[in-house]
Amino acid sequence: MEGGLWNKELLILKFVLLAVAVVKTVHGKGTYVGFYSGTCPRAESIVRSTVESYVRSDPTLAAGILRMHFHDCFVRGCDGSVLIAGSDTERSAGPNRNLRGYEVIDAAKAKLEAVCPGVVSCADILALAARDSVVLSGGLSWQVPTGRRDGRVSIGTEAFTLPGPNDTVAVQNKKFSDKGLNTQDLVILAGGHTIGTAACQSFSDRLYSPNGTDPSIDPSFVPFLRQICPQNQPTKRVALDTGSQFRFDTSYFANLKRRHGILRSDQVLWTDASTRPFVIKYLATGLFNQEFAKSMIKMGNIGVKTDADGEIRTKCSAVN
Ligand code: HEM
């Protein structure tokens, strides 16, 4: 009888351990929702309040932080490598020159080190801050799996593998599928351009090419763009989603349909037959917000480092 009870308890214990293991691995290489609930219970709320206070005083930072998470994940995985300062690091490379929001991540890290030193990774702070930025812009919230560790390597030239504003759909698809993301993920994540701005130099060749204006732009939109981006004003900035730069909504897709996409890489998502159905889908349904969240979780699990693969940095701008 006693032996039977013992066996039963053992079986229950095994089942519980298995269930925990399944929950812990379900989101990919070791990340799971609530990773810090035991070790630093206030981690997520500290990140959120930091992002809130910065974005309240400068709303453009929300877009900067969202983009920074994307640029982190696409080079060496989501390991905070984009945050490392130095002359030959990703951060100083051309494609990352206009990234903004480092001070927000540094401020959150300083607060977290004071409360739970050596526990919360910079890569996780960035992933949480990206989610918080979307929410502050009016998007839906989602639960961010955490448990990433920080990388020790950041190499400037590797940033040149990031998707660029003149990439065709084929090239964009290849760069996304190399990271385990499909065409739907591509279109929906490009929907991140519903907030934020681009420098005129990122697309002004569409306005001032010797061969004339890019025919994929609505001709009635060209004077507006030329007014904001006169020739030789490369650093001026223009909203990626005209009329709705601070709202996380579907008007970015509506703008693609009316040929008001800013970057060439945006507009081709409408002109190309393989991506257009997704643009139509997000215009016709209310699915954008929830599917954006799903694709962000997928993106956030790219090349995640766990255990001895990485470290918990003390300062996000430098390896330990
Ligand atoms: C699909 C391929 C993508 C390309 C080619 C691309 C390219 C660009 C370029 C050229 C800019 C303007 C940079 C500047 O001139 O300062 C930009 C801005 C931005 N991108 Fe992307 N991007 C892509 C995907 C994404 C993804 C997946 C996200 C996030 C989920 C994202 C979020 C943003 C945001 C929020 C901005 C505005 C940044 C700011 O206002 O500072 N992008 N992107």
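Both counts, for ligands and for their atoms, begin at 1 and track the order of listing. These numbers come from a predicted model, not from an experiment.
- Between the side chains of Thr213 and Arg226, a donor-acceptor pair is found at a separation under 3.5 Å.
- When non-hydrogen atoms are compared, ligand 1 lies under 4.0 Å from neither the backbone nor the side chain of Gln201.
- Within the structure, disulfide bond (SG atoms under 2.5 Å apart) pairs that include any residue of residues 280-320 comprise Cys122-Cys316 (at least two apart or interchain).
- In this structure, Asp218 places its CG atom where more than 12 heavy-atom neighbours from other residues, nucleotides or ligands lie under 6.0 Å away.
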Which atom pairs, donor and acceptor, lie under 3.5 Å between side-chain atoms of residues 36-43 and protein residues at least two apart or in another chain?
from, atom 1, to, atom 2, distance (Å)
Tyr36, OH, Ser121, N, 3.2
Tyr36, OH, Asp124, OD2, 2.5
Ser37, OG, Gly34, O, 2.9

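- Summary of contacts: the protein heavy atom closest to atom 5 (C) of ligand 1 is Gly164 O, 3.1 Å.
- Salt-bridge formation is detected for the pair Arg264/Asp205: a Lys NZ or Arg NE/NH1/NH2 atom is positioned less than 4.0 Å from an Asp or Glu carboxylate oxygen.
- With a cut-off of 2.8 Å, the protein N/O/S atoms near atom 21 (Fe) of ligand 1 add up to 1.
- With ligand atoms numbered from 1 in the order given, ligand 1 contributes 14 (C), 15 (O), 16 (O) to contacts under 4.0 Å with heavy atoms of Ala199.
- The shortest N or O to N or O distance between Asn98 and ligand 1 is under 3.5 Å.
- With a 4.0 Å heavy-atom cut-off, ligand 1 is reached by no atom of Leu99.
- In terms of N/O distances under 3.5 Å, ligand 1 is not approached by Ile195.
- The proximity of Ala63 to ligand 1, defined as any non-hydrogen pair under 4.0 Å, involves the side chain as well as the backbone.
- Using cut-offs of 30° and 60° on the angle between ring planes, the pair Phe288 and Phe253 is perpendicular.
- Ligand 1 has Phe176 within reach: a non-hydrogen atom of the residue lies less than 4.0 Å from it.
- For the side chain to side chain contact (heavy atoms under 4.5 Å, CB included) with Arg48, the lone residue among Leu128, Asp132, Leu136 that qualifies is Asp132.
- Scanning for salt bridge (charged side-chain N to carboxylate O under 4.0 Å, His left out) contacts around Arg206 gives Asp214, with sequence neighbours left out.
- Ligand 1 has no nitrogen or oxygen under 3.5 angstrom from a nitrogen or oxygen of Thr60.
- For atom 28 (C) of ligand 1, the nearest non-hydrogen atom from the set Leu186, Thr194, Val238, Leu189 belongs to Leu189.
- The nearest heavy-atom contact from the protein to atom 1 (C) of ligand 1 is Gln172 OE1, 3.3 Å.
- The residue from Lys298, Lys294, Lys179 that alone fulfils the side chain to side chain donor-acceptor pair (under 3.5 Å) condition with Asp185 is Lys298.
- In terms of protein heavy-atom proximity, atom 40 (O) of ligand 1 is closest to Thr197 N, 2.9 Å.
- Between the side chains of Thr31 and Asn301, a donor-acceptor pair is found at a separation under 3.5 Å.
- Salt bridge status for Glu291 with Lys281: present, with a side-chain N to carboxylate O gap under 4.0 Å.
- Proximity of a side-chain donor or acceptor of Ser57 to a complementary backbone N or O of Tyr54 within less than 3.5 Å is detected.
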